[in-house]
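Keep in mind the model is a prediction, meaning the values are calculated, not measured.
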Amino acid sequence: MYFTDRGLEELADRRGGEQVTLAWLADQLQAFVDQHPDFEVPIERLATWLARGGTDDVDDDEE
């Protein structure tokens with residue numbers, strides 16, 4: 001088990017029944033980066049990964 005698994009399990013336990021929008025998630029991630037600027041790069045990578053449907057592939061029109 002990775003250390004992050006505990007945080008993800010807590011998230012699922014506490015808020016797993018809620019429905020959220022991607023806009024809400026983006027706002028929360030931006031607020032997190034505003035408070036913790038050292039995490040800007042990992043959050044950017046996560047957001048890009050999510051935006052691309054869980055892949056690291058670059059769209060053809062972005063190349």
Side-chain angles (χ1 to χ4, degrees):
M1 173 186 284
Y2 292 103
F3 178 74
T4 54
D5 289 347
R6 284 185 264 169
L8 296 172
E9 288 174 359
E10 181 177 350
L11 174 62
D13 288 345
R14 289 180 180 239
R15 305 194 67 172
E18 296 179 25
Q19 291 186 5
V20 300
T21 66
L22 291 176
W24 177 87
L25 177 60
D27 288 344
Q28 296 301 304
L29 291 173
Q30 184 61 58
F32 180 83
V33 169
D34 289 346
Q35 292 180 3
H36 308 280
D38 291 346
F39 289 93
E40 182 177 3
V41 172
I43 294 297
E44 176 67 22
R45 290 183 66 192
L46 172 62
T48 301
W49 184 81
L50 290 171
R52 294 179 180 165
T55 70
D56 288 325
D57 295 338
V58 176
D59 292 337
D60 289 338
D61 59 341
E62 291 183 21
E63 292 182 40

Quiz item: Passes side-chain contact (heavy atoms from CB on, under 4.5 Å), Glu10 versus Asp13? Steps please.
Solution: CA-CA 5 Å; Glu10 181 177 350; Asp13 288 345; 5.6 Å; no

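Counting heavy-atom neighbours within 6.0 Å of Gln28 CD, excluding the residue itself, gives a total above 12.
Taking hydrophobic clusters as Ile, Leu, Val, Met, Phe, Trp and Tyr residues chained together by side-chain heavy-atom distances below 4.5 Å, Val20 shares a cluster with Phe32.
Once rounded to the nearest 0.5 Å, the distance linking CG of Leu29 with CD of Glu40 reads 12.0 Å. Taken from CG in Leu11 to CD in Glu18, the straight-line distance is 9.0 Å, to the nearest 0.5 Å. Atom CG of Leu22 and atom CG of Asp27 lie 11.0 Å apart (nearest 0.5 Å). Atom OG1 of Thr55 sits about 9.0 Å away from atom CH2 of Trp49, to the nearest 0.5 Å.
Using bins of under 30°, 30° to 60° and over 60° for the plane-to-plane angle, the ring pair Phe39/His36 lands in the perpendicular bin.
Between Arg6 and Glu9 there is no salt bridge, since none of the side-chain N atoms of the basic residue sits less than 4.0 Å from a carboxylate O of the acidic one.
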